[in-house]
Trainee: 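What follows is a single structure, and I will ask about it in a moment.
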Amino acid sequence: MESVIYIVLTGVLIGVLISAPMGPIGMLVIQRTLNKGRAAAFFTGVGASLSDLVYCLLTGLGLSFVTDFIESNQNVLQIIGSLVLIIYGIYLFRNNPSRSLKTPAEPANTYWRDFATGFLFTFSNPLILFFIIGLFARFSFLDTNYRFYHYILAYISIIVGAIGWWFLITFFVNKVRAHFNVRSMWLVNRTIAVILLVMATVGFALGIKELLHL
């Protein structure tokens with residue numbers, strides 16, 4: 001039961017962390033919330049979430065081919081994953097999301113088209129794989145002792161966390177649309193960056209500690 005709770009909580013957290021950084025897709029969702037309404041923006045976020053899930057599945061399948069390596073090098077993987085998160089956290093802290101903002105001339109379209117653009121926009125950035133690998137390694141997310149239903153639950157939890165994030169973002173932006181300032185996304189970025197840096201630093205320290213005990 002504890003493993004199931006851990007899978008659900010960690011999966012939701014990973015889904016949120018993958019979606020939360022306000023990069024180009026985040027700016028597009030905000031832009032559509034303000035210009036086209038919450039529904040169009042939410043479907044864009046759902047498309048991005050599905051793309052993230054595809055990359056999570058690719059990561060999980062890739063890691064499953066090297067289970068022996070993972071079991072014998074868990075501490076090293078945790079250290080490497082933590083370093084990836086530290087680098088990404090520093091980048092995120094220093095990044096200005098407003099530079100990603102563009103004003104596209106979008107014709108009226110359907111929610112399916114919003115969904116498709118969100119998916120393709122996110123899928124066109126395969127570098128997210130490195131971030132996902134870092135998160136999976138940091139949380140030891142896909143244990144080799146898990147059964148198939150654990151894996152199904154894990155991926156469902158990830159997409160629930162990702163979609164939940166876009167639901168909250170579109171709800172918030174829609175509520176404050178009259179007072180919203182895109183530059184305030186700096187605060188979101190820096191808050192997320194600090195959280196990532198704290199988690200990554202703790203993971204790095206624990207990995208070094210366990211490695212030295214070997």
Side-chain angles (χ1 to χ4, degrees), residues 4-57 59-60 85 88-89 92 95 97-98 100-102 104 106 108-125 128 131-132 135-136 139 141 151-196 199:
V4 171
I5 295 175
Y6 177 81
I7 289 171
V8 171
L9 293 179
T10 308
V12 170
L13 178 60
I14 289 175
V16 170
L17 290 175
I18 293 172
S19 303
M22 286 294 111
I25 186 63
M27 301 309 298
L28 179 62
V29 168
I30 291 171
Q31 196 173 59
R32 285 184 172 175
T33 304
L34 297 174
N35 297 336
K36 300 177 61 179
R38 186 184 175 196
F42 178 70
F43 274 94
T44 303
V46 172
S49 299
L50 182 60
S51 176
D52 290 333
L53 179 63
V54 170
Y55 276 126
C56 286
L57 287 169
T59 301
L85 294 184
Y88 187 82
L92 189 61
N95 186 46
S98 64
S100 302
L101 184 61
K102 296 181 181 179
E106 292 184 301
N109 53 30
T110 65
Y111 293 147
W112 283 110
R113 191 170 299 176
D114 293 320
F115 173 88
T117 56
F119 178 88
L120 294 174
F121 202 66
T122 305
F123 195 75
S124 64
N125 179 26
I128 192 67
F131 184 42
I132 294 172
L135 288 172
F136 277 24
F139 292 107
F141 186 57
Y151 288 98
I152 294 175
L153 182 61
Y155 291 117
I156 290 176
S157 300
I158 288 174
I159 196 161
V160 166
I163 292 177
W165 170 260
W166 295 121
F167 180 87
L168 291 175
I169 281 295
T170 55
F171 175 82
F172 172 76
V173 175
N174 190 57
K175 285 293 183 182
V176 299
R177 62 167 56 242
H179 310 285
F180 191 80
N181 185 348
V182 172
R183 294 182 184 276
S184 65
M185 282 298 101
W186 264 13
L187 179 60
V188 176
N189 263 18
R190 292 192 171 187
T191 300
I192 296 167
V194 169
I195 294 173
L196 286 177
M199 291 191 305

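Counting begins at 1 with the first residue of the sequence.
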Trainee: How close do Ala48 and Thr122 get, counting heavy atoms only, and between which atoms?
Mentor: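 Looking at all heavy atoms of both residues, the closest pair is CB-OG1, 3.1 Å.
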Trainee: Looking at every heavy atom in both Thr170 and Phe42, which two are closest together, and how far apart are they?
Mentor: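 Where Thr170 meets Phe42 most closely, the heavy atoms are CG2-N, 3.8 Å.
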Trainee: Where do Phe123 and Tyr55 land on the side-chain contact (heavy atoms from CB on, under 4.5 Å) test, with the steps shown first?
Mentor: CA-CA 8 Å; Phe123 195 75; Tyr55 276 126; 3.8 Å; yes
Trainee: Where is the tightest heavy-atom contact between Val46 and Phe115, given as atom of each residue plus distance?
Mentor: CG1-CE1, 3.7 Å
Trainee: Nearest 0.5 Å, what's the CD1-OG distance between Ile152 and Ser157?
Mentor: 11.5 Å
Trainee: With rounding to the nearest 0.5 Å, note down the distance linking CZ in Phe172 to CD1 in Ile30.
Mentor: 9.0 Å
Trainee: Please check if the side chain of Thr10 supplies one atom and the backbone of Ile7 the other of a donor-acceptor pair under 3.5 Å.
Mentor: no
Trainee: Hey, could you give me the CZ/CG distance between Phe119 and Asp52, rounded to the nearest 0.5 Å?
Mentor: 9.5 Å
Trainee: Tell me the closest heavy-atom pair linking Ser49 and Ile163, and the distance in Å.
Mentor: OG-N, 3.6 Å
Trainee: Within a strict 4.5 Å, meaning less than it, do heavy atoms of the Leu153 and Val4 side chains meet?
Mentor: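 A side-chain contact exists here, since the closest heavy-atom pair is under 4.5 Å.
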Trainee: Any side-chain to backbone donor/acceptor pair from Arg38 onto Phe167? Under 3.5 Å, distance only.
Mentor: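 Between the backbone of Phe167 and the side chain of Arg38 there is a qualifying donor-acceptor contact (under 3.5 Å).
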Trainee: Quick one, Arg32 and Thr117 - any side-chain contact, counting heavy atoms below 4.5 Å?
Mentor: yes
Trainee: CG of Leu57 to CD1 of Ile159: how many Å apart, nearest 0.5 Å?
Mentor: 9.0 Å
Trainee: Within a strict 4.5 Å, meaning less than it, do heavy atoms of the Ser19 and Ile169 side chains meet?
Mentor: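 Side-chain contact under 4.5 Å: no.
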Trainee: With sequence neighbours excluded, what pairs up with Thr33 under the side chain to side chain donor-acceptor pair (under 3.5 Å) test?
Mentor: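 If we apply the side chain to side chain donor-acceptor pair (under 3.5 Å) test to Thr33, skipping adjacent residues, there are no hits.
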Trainee: What closest approach, in Å, do Ala39 and Tyr111 show between heavy atoms, and which atom pair accounts for it?
Mentor: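 Taking Ala39 first and Tyr111 second, the nearest heavy atoms are CB-OH, 3.4 Å.
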Trainee: What verdict does the side-chain contact (heavy atoms from CB on, under 4.5 Å) test give for Trp166 and Thr44, after you've listed the backbone C-alpha separation in whole Å, the side-chain angles of each residue and the deciding distance to 0.1 Å?
Mentor: CA-CA 9 Å; Trp166 295 121; Thr44 303; over 6 Å; no
Trainee: Do Tyr155 and Leu53 come close enough that some side-chain heavy atom pair is under 4.5 Å?
Mentor: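 The answer is yes; the side chains approach within 4.5 Å.
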Trainee: Got a second to check how far Leu13's CG is from Ile18's CD1, nearest 0.5 Å?
Mentor: 9.5 Å
Trainee: Rounded to the nearest 0.5 Å, how far apart are CG of Leu135 and OG1 of Thr59?
Mentor: 9.5 Å
